[in-house]
Amino acid sequence: MEKVKILFVCLGNICRSPSAEAVMKGLVKKSGKSKTFEIDSAGTAAWHAGEQADSRMQIHARKRGYDLTSISRKVDPDFDFDHFDYIIAMDEQNMTDLQDMVENEEQRLKLHMMTDFSGNYSYNHIPDPYYGGDNGFELVLDLLEDACGGLLTHLTDEQ
Ligand code: 4NP
């Protein structure tokens, strides 16, 4: 079976999108579907390229059983827009930046907001936790656990 390929995108690829990657990988593993998904993350900015996830984000994620192992990289439009099936933005600015990179309608149709898959929350974006405190990191994880659950249900229904 063809793998479903998902790329989560935020600004720096050190807080929200690596967490989305880890949460989604955890859910997929729990449902016994790891072999049918390819899951990655990237940032619209290269400021932190080559770095591990933000240490505060790692600490909060680990408390919920997620290891943030991905290394920050910038979105590569030449590869990512053709390779991935779902390119999922954390906020409106990420979405605008991605929309500016697409080259055709097929690529545009791959773009989604993470919060489009929310079930229990009515946020329209995943708030950037970088300049805030502990609560912001916990909120990111709350929203991602909810939305990744919705995304998995959506993809399972589609298959
Ligand atoms: P992220 O958070 O986009 O969720 O990875 C941020 C990381 C770094 C910065 C801003 C947001 N920064 O300004 O360096």
Side-chain angles (χ1 to χ4, degrees), residues 4-29 37-102 107-152 154-155:
V4 180
K5 304 186 192 80
I6 305 166
L7 182 69
F8 294 108
V9 176
C10 62
L11 175 60
N13 191 214
I14 54 169
C15 295
R16 293 165 293 174
S17 62
S19 300
E21 176 184 340
V23 169
M24 193 66 189
K25 281 180 174 167
L27 277 181
V28 159
K29 190 172 179 192
F37 286 94
E38 180 180 324
I39 300 166
D40 195 4
S41 64
T44 57
W47 305 325
H48 297 278
E51 294 176 17
Q52 288 190 328
D54 184 284
S55 57
R56 299 163 298 169
M57 192 75 251
Q58 288 199 47
I59 288 166
H60 286 275
R62 195 162 297 134
K63 279 197 282 182
R64 300 193 191 198
Y66 306 112
D67 264 333
L68 304 191
T69 54
S70 75
I71 300 296
S72 176
R73 73 168 177 91
K74 192 172 188 287
V75 172
D76 175 0
D78 290 339
F79 177 79
D80 293 329
F81 284 104
D82 286 328
H83 182 73
F84 289 95
D85 305 305
Y86 284 78
I87 299 175
I88 301 182
M90 297 296 131
D91 66 30
E92 285 293 352
Q93 186 60 56
N94 309 148
M95 178 58 92
T96 303
D97 292 341
L98 289 167
Q99 284 168 341
D100 286 344
M101 295 177 207
V102 299
Q107 294 181 348
R108 189 178 302 279
L109 289 170
K110 296 180 175 185
L111 302 181
H112 303 269
M113 288 293 288
M114 184 81 258
T115 47
D116 287 348
F117 302 99
S118 297
N120 299 321
Y121 293 90
S122 53
Y123 282 72
N124 63 3
H125 67 287
I126 309 292
D128 183 348
Y130 192 70
Y131 292 106
D134 289 345
N135 289 349
F137 292 95
E138 288 298 316
L139 178 62
V140 164
L141 292 164
D142 288 340
L143 296 174
L144 290 177
E145 286 180 332
D146 181 49
C148 285
L151 175 61
L152 183 58
H154 171 80
L155 295 173

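Both ligands and their constituent atoms are indexed starting at 1 by order of listing.
Remark: ligand 1 atoms within the under-4.0 Å shell around heavy atoms of His48 are 8 (C), 12 (N), 14 (O). Listed by atom number, the atoms of ligand 1 under 4.0 Å from Ile14 heavy atoms are 5 (O), 7 (C), 8 (C). Close approach to Gly12 involves these atoms of ligand 1, each under 4.0 Å from a residue heavy atom: 1 (P), 3 (O), 5 (O). Less than 4.0 angstrom separates some heavy atom of Cys15 from each of these atoms of ligand 1: 1 (P), 2 (O), 4 (O), 5 (O).
Among all protein heavy atoms, the one lying closest to atom 11 (C) of ligand 1 is Asp128 OD2, 3.1 Å. Counting protein heavy atoms only, atom 4 (O) of ligand 1 is closest to Arg16 NE, 2.7 Å.
Using a 4.0 Å cut-off between charged side-chain N and carboxylate O, Arg73 and Glu51 make no salt bridge. Taking the charged nitrogens against the carboxylate oxygens, Asp80 and Lys74 have no contact shorter than 4.0 Å, which rules out a salt bridge. A salt bridge is defined here as a Lys NZ or Arg NE, NH1 or NH2 lying under 4.0 Å from an Asp or Glu carboxylate O, and Lys5 with Asp40 fails to meet this definition.
Under the 3.5 Å distance criterion, with hydrogens and angles disregarded, no donor-acceptor pair is assigned to the side chains of Gln93 and His125.
The salt bridge (Lys or Arg N to Asp or Glu O under 4.0 Å) analysis of residues 82-102, with sequence neighbours excluded, yields the pairs Arg16-Asp91. Pairs passing the salt bridge (Lys or Arg N to Asp or Glu O under 4.0 Å) check and including a residue from residues 107-127, sequence neighbours excluded, read Glu105-Arg108.
Selection from Pro127, Cys10, Ala45 by nearest heavy atom to atom 1 (P) of ligand 1 gives Cys10. Atom 8 (C) of ligand 1 has its nearest heavy-atom neighbour, among Phe137, Tyr130, Tyr131, in Tyr130.
Under 4.0 Å from ligand 1, the heavy atoms of Asn13 that appear belong solely to its backbone.
Judged purely by atom type and a 3.5 angstrom limit, Ser118 has no side-chain atom pairing as donor or acceptor with the backbone of Tyr123.
Within the 4.0 Å heavy-atom cutoff, Met57 does not count among the residues contacting ligand 1.
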